[in-house]
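Presented below is the structure to which this report refers.
These numbers come from the heavy atoms of this one structure, side chains and all, not from hydrogens, waters or symmetry mates. Fair warning: this is a prediction, and the values are worked out from it, not measured in the lab. A note on names: the letters A, B, ... follow the listed sequences, proteins ahead of strands, and every chain is numbered from 1.
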Amino acid sequence: MNAPQDARLRSLPSTRNVKPEFLPPFQFRDMKGWFLLTNDWGFYAMLETKDFNDFMSGDIAPDHPLWPDLQRKGFVRSAMDFSGIAVAYQKRNSFWRSLGPGLHMMVVTLRCNQKCHYCHSSVVDPSRTDTDMDIETAKNVVDFIFKTPNPTLCIEFQGGEPLLNWPVVKFVTQYARLKAKAQGRKLIIALVSNFTLMSEEKLNFLFDHQVSLCTSLDGPPDIHNKNRPFLGSGAAQNQVISWLLKIQKRCENKNGKNAYLPGALMTTTRFSLGRGKEIVDTYAALGLEQIFLRPLSPIGYAKRVWGEIGYDPQDFSRFYEETLDYILDLNKKGSSSIMERMALVLLTKILKGEDPGYMDLRSPSGAVLGCLAYNYNGDVFVSDEGRMVDHQGDSIFCVGNAARDDWQSVLEHPTSKACATASVIEGQPLCFQCVYKPYCGVDPVFHYETQKNIAGHLPSSSWCVSHMGIFDVVFRKLRDAENRKIFESWLKRDQCRWQENDPPSPALTGELPQ
Amino acid sequence: MNVIAGGMPCMKRETSKISFDLSVKKNSLEAILGAAYLLSDRAFIYLDGDQKKNIRVTLQSKTPISSEEFLPFSEMFLNELETQKVRWAIAKHNLPIREYVARQAIVLANGGTIREEPVAEKGDDLSPDQRQEIEKLISEVEEEIRLMNDKKNPADPQNIRISWEEKNQKPKKKEKKA
């Protein structure tokens with residue numbers, strides 16, 4: 001062991017003058033030059049060191065310049081607005097009333113025509129049609145989805161490569177739309193695809209049925225093609241870009257009505273580190289609105305090849321900060337208005353006090369309560385990551401089968417309950433004292449895969465190091481007024497583009513598929 | 001805690017292993033456990049002794065290093081221990097406030113309204129009306145907890161366990177008599 005690094009929660013420089021009896025409930029973090037305070041209700045305060053010391057010794061009186069702001073945010077024990085605080089607490093945890101999973105991920109096939117190095121999905125060769133979801137299973141899954149109680153449902157096609165099982169994608173889309181109309185429920189359908197098997201005919205169908213489209217784009221050709229080669233070999237990035245541009249053009253022609261701009265996700269591998277600027281430039285040149293900088297998780301196939309593509313969480317934090325700085329710089333100069341998705345998720349919680357619907361950072365986590373994943377054979381899993389663990393031979397996260405089980409038995413499955421209990425952040429010895437508690441979450445599947453414990457050991461968890469690093473970066477950026485202005489403009493723009501008031505396409509009112 | 005010059009506890013040192021005793025009364029068990037948990041990624045931390053009196057803490061490096069190199073880790077532990085004492089004091093002192101706000105948030109989530117009168121911080125200055133209000137709130141929450149833990153009739157106020165179709169089934173029309 002070399003010179004001691006900071007303890008994860010960073011000790012106070014001195015506790016001599018601290019007077020706990022004057023202090024409200026709050027968490028704190030030494031940000032090296034200033035201090036960050038948060039409370040359970042999601043409010044935060046940034047204090048210079050001297051002000052923090054005064055605060056800790058109970059010397060912030062009503063005539064102190066900081067008092068009004070601290071009082072408004074619930075940091076003054078003698079003058080707490082309990083009503084306002086309770087409203088804020090309920091609002092940021094509004095998903096507690098979500099009444100069941102809203103996101104349903106249907107893996108319509110395990111087949112894929114690419115062999116991405118990090119693929120969590122653990123795909124199989126395109127000849128393996130035995131791993132396609134058949135029509136009967138698809139119907140059972142849709143029926144199951146519509147038995148879950150959330151009034152708003154999102155069905156997301158995943159794989160493998162879903163376009164390899166196009167007939168089932170079409171069937172599910174049409175069947176689900178009819179069921180949603182019959183039950184009077186809001187239904188969103190999304191397709192996650194590598195786009196290499198897209199065609200005009202398929203695109204017409206997807207547009208007619210208002211299916212939102214998302215693909216993977218890891219950056220400039222050499223990074224993308226290294227990460228995501230075709231099965232056998234071959235470069236794929238040019239096809240992804242070609243279809244992205246075509247879809248964007250279609251959306252423009254429709255003037256944004258009945259059309260969702262396509263999205264792209266990037267996966268950070270070792271090859272991405274140090275090349276954030278080029279990756280952002282690739283996205284910006286394509287006119288993509290957002291880029292999502294996420295750490296890679298050692299789950300599924302990625303776990304096996306971690307030595308080739310993985311990295312330390314501290315490396316990701318550095319990459320994240322450098323790349324976010326570049327994005328902010330582009331926004332300041334007016335060169336691009338591209339937004340960073342992870343920051344948006346966190347800022348929705350920090351600045352708006354709302355839940356952004358991001359399953360990974362909820363307490364309890366989104367496993368079952370927020371999302372479910374359905375394998376090609378109808379097996380139901382707590383999440384897509386849980387399904388990937390099953391593909392490696394461990395079925396611990398399987399909570400039922402759509403043909404055999406009902407919603408109640410899935411909800412009451414011991415694994416469902418265990419995941420919910422293990423991911424309540426107040427029950428984590430490190431998390432409940434952490435300054436990022438109001439905004440963070442723990443993933444039971446991640447910790448099971450990396451630490452063989454669904455609750456995890458957070459001091460040694462790479463999940464914790466990664467996310468703490470990201471939070472540190474975002475709050476550091478928030479200190480700057482110009483950055484804050486940009487962040488606030490992002491939040492205003494980050495609105496759902498679904499045009500609910502437009503009349504549906506005629507295709508949506510047709511007969512059941514034959 | 002035995003202290004030598006410089007404020008450090010009296011420590012036994014072996015290669016990459018340091019031991020010292022901590023008084024539970026002066027430090028609190030939660031603070032000792034908290035510091036131990038927080039630093040358990042960097043070293044093995046053994047706790048032994050009487051939970052009510054003294055805990056013997058043994059820090060052992062995970063890799064072989066000299067005691068001089070390992071000594072700073074014991075300083076880190078003791079610093080964190082002092083911080084843990086602050087964290088736990090704040091948490092315990094404010095438990096009623098956090099519980100009150102959580103209850104109010106749950107009431108709101110269930111479609112209720114906020115009670116405007118806040119809970120008094122220390123309880124010494126409560127008026128009889130306020131005491132009655134609090135007692136009523138406590139008994140309501142206790143009843144909720146009792147229902148929640150009733151295994152025969154598990155509480156499901158949001159009807160989450162009921163499927164969509166059961167909830168939205170249209171009543172069957174009565175058949176007309178011939």
Side-chain angles (χ1 to χ4, degrees), chain A residues 1-15 18 20-21 23-28 40-41 56 74 77-78 80-83 85-91 93-94 96-97 99-100 146-151 183-185 406-408 411-412 429-430 432-433 457-461, chain B residues 16 33-35 37-43 61-63 65 69-70 72-73 75-77 79-95 97-98 100-110 114-119 121 158-168:
Chain A
M1 172 184 282
N2 296 323
Q5 301 157 4
D6 280 326
R8 295 296 303 287
L9 295 187
R10 293 186 188 159
S11 309
L12 284 168
S14 167
T15 60
V18 176
E21 65 274 19
L23 297 174
F26 76 108
Q27 296 80 233
F28 55 86
D40 284 3
W41 313 301
M56 294 296 272
R77 195 170 193 273
S78 59
M80 299 193 77
D81 172 14
F82 289 101
S83 303
I85 286 165
V87 167
Y89 194 39
Q90 191 273 327
K91 182 183 170 191
N93 292 300
S94 58
W96 289 347
R97 279 206 86 204
L99 302 178
F146 277 85
K147 286 192 167 88
T148 61
N150 198 315
Q183 290 189 4
R185 295 168 84 169
D406 59 16
W407 160 240
Q408 188 172 330
L411 179 68
E412 293 183 346
L430 186 153
F432 95 96
Q433 296 183 335
H457 177 251
L458 272 297
S460 59
S461 160
Chain B
S16 59
L33 291 173
Y37 179 78
L38 205 60
L39 297 172
S40 57
D41 60 324
R42 292 158 205 255
S61 70
K62 291 189 174 181
T63 54
I65 56 170
E69 284 178 299
F70 193 51
F73 183 76
E75 292 171 16
M76 184 193 283
F77 181 94
N79 283 341
E80 182 53 35
L81 177 65
E82 293 304 310
T83 304
Q84 283 292 312
K85 283 153 74 173
V86 169
R87 292 189 198 273
W88 276 100
I90 293 170
K92 285 180 179 176
H93 196 56
N94 288 293
L95 186 59
I97 293 177
R98 294 177 65 223
Y100 176 81
V101 173
R103 280 191 209 118
Q104 291 298 300
I106 290 169
V107 164
L108 272 176
N110 286 328
I114 293 273
R115 288 180 173 77
E116 288 302 325
E117 302 84 15
V119 174
E121 289 168 286
Q158 302 291 348
N159 290 330
I160 291 175
R161 286 165 63 238
I162 300 175
S163 74
W164 179 270
E165 283 155 354
E166 284 174 294
K167 248 192 273 190
N168 294 282

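Atom CD1 of residue B:Ile90 and atom CD of residue A:Gln27 lie 9.0 Å apart, to the nearest 0.5 angstrom. Considering OH of B:Tyr37 and CD of A:Gln433, their distance stands at 10.5 Å, rounded to 0.5 Å. B:Arg98 CZ to A:Phe26 CZ: the interatomic distance, rounded to the nearest 0.5 Å, is 12.5 Å. Taking CG from B:Asp41 and NE2 from A:His457, the interatomic distance works out to 6.5 Å, rounded to the nearest 0.5 Å. Atom-to-atom distance recorded for B:Leu108:CG and A:Ser83:OG is 8.5 Å, nearest 0.5 angstrom. The OG atom of A:Ser14 lies 9.5 Å from the CD atom of B:Glu82; values are rounded to the nearest 0.5 Å.
Nearest heavy atoms, B:Ala105 versus A:Gln90: O-CG, 3.4 Å. Closest approach of B:Gln104 to A:Ala86, counting heavy atoms only: CB-CB, 3.7 Å. The minimum heavy-atom distance linking A:Pro20 with B:His93 is given by the pair O-CD2, 3.7 Å.
Looking at A:Phe432, the atoms closer than 4.5 Å to chain B (heavy atoms on both sides) all sit in the side chain, from C-beta outward. Interface remark: B:Ala102 contributes backbone and side-chain atoms alike to the contact with chain A (heavy atom separation under 4.5 Å). For A:Gln183, the parts lying under 4.5 angstrom from a heavy atom of chain B are both the backbone and the side chain. With a 4.5 Å cut-off on non-hydrogen atoms, A:Leu430 touches chain B through its backbone and its side chain both.
Side-chain contact between A:Arg77 and B:Asn94 is present, with heavy atoms from C-beta onward closer than 4.5 Å. Side-chain contact check for A:Arg8 versus B:Arg42: some heavy-atom pair is nearer than 4.5 Å. Residues A:Met56 and B:Val86 have side chains in contact (heavy-atom distance under 4.5 Å, counting atoms from C-beta outward). Counting heavy atoms from C-beta outward, A:Leu9 and B:Leu38 have side chains that approach closer than 4.5 Å. Taking the side chain as every heavy atom from C-beta outward, B:Lys85 and A:Thr15 never approach each other to under 4.5 Å.
Judged by a 6.0 Å distance limit and a 45° cone about the ring axis, B:Arg87 is positioned over the six-membered ring of A:Phe28.
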